[in-house]
Amino acid sequence: MKSIEIKGSLRSEIGKKATRELRKSNGVPCVLYGIEKDANGNPVATHFTVSNDELRKLVYTPHIYVVDLNIDGKVVNAIMKDIQFHPVKDNILHVDFLQINESNPIVMEVPVKLEGLAEGVKAGGKLALQVRKLKVKALYSAIPERLVIDVTSLGLGKTVKVGELSYEGLQLLNAKEAVVCAVKLTRAARGAQAAAAAKK
């Protein structure tokens, strides 16, 4: 997996008023949930700020990254756990990061990539990707940049479901019956099928 550096600054105030002021100045409030636990057994949370411009290179991309999170000079490896957008303006409101523990599995969404020319496409069908990312659980070192699916043998009207996929070291968390991709019948393919049936 690729890595990307994001620079942030610790927050001294975390109330609603301070958050509003922060957003006005192009900042985004963030929380890092660390490996260390507090007295109640919950991950220790670090509140910090990142500029909108810094976050754009992480958020608006088809790639997934391990984040080298630099908070006032202290660097930790993390992944983006959750993100909130403004419902109307679509700007970033808040981001949660999770510090990586190399011995504990993490959950991430990984992009899907289809490879090969499907049999059904040769027959006039259209290949459709229904799910662009799949949720996986694994040690971060085992998570690939993308999940490759070979569709060469996929025929007309056929689908690939989550339950048919397996990758070494990864647990797929999506519903087993969820359709990842399909070769859909087009009008041309239906016409060819009808013509072939009429000749028999």
Side-chain angles (χ1 to χ4, degrees), residues 1-8 28-38 41-71 74-87 90-116 127-151 159-182:
M1 223 188 324
K2 296 174 182 172
S3 64
I4 189 170
E5 185 182 39
I6 299 289
K7 291 182 179 178
V28 178
C30 301
V31 177
L32 169 67
Y33 292 96
I35 294 172
E36 294 175 12
K37 302 287 172 70
D38 62 17
N42 298 315
V44 173
T46 302
H47 296 264
F48 65 103
T49 306
V50 176
S51 74
N52 232 308
D53 300 331
E54 273 284 289
L55 284 172
R56 291 183 73 83
K57 60 189 181 182
L58 171 65
V59 175
Y60 299 106
T61 172
H63 305 293
I64 57 171
Y65 292 102
V66 170
V67 181
D68 296 327
L69 203 52
N70 185 332
I71 305 173
K74 183 183 176 183
V75 180
V76 297
N77 285 341
I79 58 164
M80 186 169 66
K81 184 172 181 276
D82 193 29
I83 185 167
Q84 292 174 359
F85 292 95
H86 191 284
D90 206 34
N91 54 311
I92 303 166
L93 291 179
H94 182 91
V95 182
D96 286 340
F97 290 92
L98 179 68
Q99 186 176 357
I100 291 170
N101 182 338
E102 294 190 19
S103 58
N104 286 350
I106 57 173
V107 174
M108 282 192 84
E109 288 194 323
V110 180
V112 172
K113 184 184 181 188
L114 304 181
E115 278 193 353
L127 183 63
L129 181 61
Q130 313 275 70
V131 179
R132 297 193 173 276
K133 289 183 177 180
L134 289 173
K135 189 177 282 189
V136 306
K137 183 177 183 180
L139 295 175
Y140 103 93
S141 56
I143 295 178
E145 290 182 18
R146 57 186 65 86
L147 298 171
V148 177
I149 300 173
D150 185 356
V151 295
T159 63
V160 175
K161 295 180 180 179
V162 172
E164 299 166 41
L165 301 172
S166 66
Y167 300 91
E168 190 176 347
L170 304 183
Q171 180 187 350
L172 298 177
L173 300 181
N174 302 70
K176 285 186 167 32
E177 289 302 307
V179 174
V180 181
C181 61

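From a predicted model like this one, the values you see are computed outputs, not experimental measurements.
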Evaluate whether atom CD of E36 has more than 12 neighbouring non-hydrogen atoms of other residues, nucleotides or ligands under 6.0 angstrom away.
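Count not over threshold, so no.
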Mind checking whether [X] and [Y] have side chains closer than 4.5 Å, heavy atoms only?
X    : Y    : value
V131 : V179 : no
V76  : T46  : no
D82  : Y33  : no
V95  : I83  : yes
F85  : I92  : yes
L170 : P144 : yes

L69, V67, I79 screened by side chain to side chain contact (heavy atoms under 4.5 Å, CB included) with I100, the one that passes =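 In the set L69, V67, I79, the residue that makes a side chain to side chain contact (heavy atoms under 4.5 Å, CB included) with I100 is I79.
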- In a check of side chain to side chain contact (heavy atoms under 4.5 Å, CB included) between N174 and each of K133, K135, E109, which one passes?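 The passing option is K135.
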Heavy-atom pair with the smallest gap, counting every atom of [X] and [Y]:
X    : Y    : answer
Y65  : K57  : CE1-O, 4.2 Å
G169 : A142 : O-CB, 4.4 Å
L98  : K81  : CB-CD, 4.0 Å
H47  : V31  : ND1-CG2, 3.6 Å
V50  : C30  : CG2-SG, 4.0 Å
G34  : P43  : O-CB, 3.4 Å

Can you tell me how far the [atom1] atom of [X] sits from the [atom2] atom of [Y], to the nearest 0.5 Å?
X    : Y    : atom1 : atom2 : result
L139 : S103 : CG    : OG    : 8.0 Å
L32  : I71  : CG    : CD1   : 5.0 Å
I4   : I64  : CD1   : CD1   : 12.5 Å
N101 : N77  : CG    : CG    : 11.0 Å
M80  : F97  : CE    : CZ    : 7.0 Å
K137 : N104 : NZ    : CG    : 9.5 Å

ask   = Going through the distances and angles, do D96 and Q84 end up as a side-chain contact (heavy atoms from CB on, under 4.5 Å)?
value = CA-CA 9 Å; D96 286 340; Q84 292 174 359; over 6 Å; no
Please answer whether the main-chain N or O of [Y] pairs with a side-chain N or O of [X] as donor and acceptor at a distance below 3.5 Å.
X    : Y    : result
T61  : H63  : yes
E54  : S51  : no
Y167 : I143 : no
Q99  : I35  : yes

Discussion item. If you apply the rule side-chain contact (heavy atoms from CB on, under 4.5 Å), what do you find for V136 with L147, and how did you get there?
Written reply: CA-CA 10 Å; V136 306; L147 298 171; 4.0 Å; yes
Tell me, with the steps shown, if N70 and V75 meet side-chain contact (heavy atoms from CB on, under 4.5 Å).
-> CA-CA 4 Å; N70 185 332; V75 180; 3.9 Å; yes
